[in-house]
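The first residue of the sequence shown is numbered 1, and numbering continues consecutively from there.
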Amino acid sequence: MNKYEAIGFRINALCKDKGISKMRLADKIGVSYETILRVTRGEKSELITEKLLEIFWAFEMTAAEFFRSPFFDRIDKD
């Protein structure tokens, strides 16, 4: 798994756990719904790395809480 896939899996899981739709998340962080869909499919998106702080805030969590997930333990280190 690469870092973009891990971020996508984490966002998908948080949306489900917290009952936040992808459309609502897109609105909260100021990106298009299509961008969120690409990110949650694990596609590379430079824009989303610029929006990570806003993603943490949208889920009401810290960066440490966001990255404290088994998804990030599976990232290919290459």
(message) I'd like to check the side chain to side chain donor-acceptor pair (under 3.5 Å) partners of Ser69; sequence neighbours left out, ordered by chain and number.
(response) none
Side-chain donor-acceptor pairs under 3.5 Å in residues 20-30, sequence neighbours left out?
from  : atom 1 : to    : atom 2 : distance (Å)
Ser21 : OG     : Arg24 : N      : 2.9
Lys22 : NZ     : Asn12 : OD1    : 3.0
Lys28 : NZ     : Ala58 : O      : 3.2

(request) Determine the minimum heavy-atom distance between Ser45 and Thr35, stating which atoms define it. (result) OG-CG2, 4.4 Å
(request) Quick one: list whatever passes salt bridge (charged side-chain N to carboxylate O under 4.0 Å, His left out) with Glu54, sequence neighbours left out. (result) Lys51
(request) Could you state whether Phe72 and Leu52 fall into the same hydrophobic cluster, counting links through intermediate Ile, Leu, Val, Met, Phe, Trp or Tyr residues with side-chain heavy atoms under 4.5 angstrom apart? (result) yes
(request) Could you check if a side-chain atom of Ile7 sits within less than 4.5 angstrom of a side-chain atom of Phe71, using non-hydrogen atoms only? (result) no
(message) Filter on ring pair (Phe, Tyr, Trp, His ring centres under 6.0 Å), then keep only pairs touching residues 20-61, sequence neighbours left out; what's left?
(response) Phe56-Phe66, Phe56-Phe67
(request) Scan for salt bridge (charged side-chain N to carboxylate O under 4.0 Å, His left out) pairs involving residues 32-45, sequence neighbours excluded, and state none if there are none. (result) Arg41-Glu43, Lys44-Glu46
(request) Decide whether Met1 and Tyr4 are clustered together by the hydrophobic rule: side chain heavy atoms of Ile, Leu, Val, Met, Phe, Trp, Tyr closer than 4.5 Å, transitively. (result) no
(request) Could you pull out all residues at least two apart from Arg10 that satisfy side chain to side chain donor-acceptor pair (under 3.5 Å)? (result) none
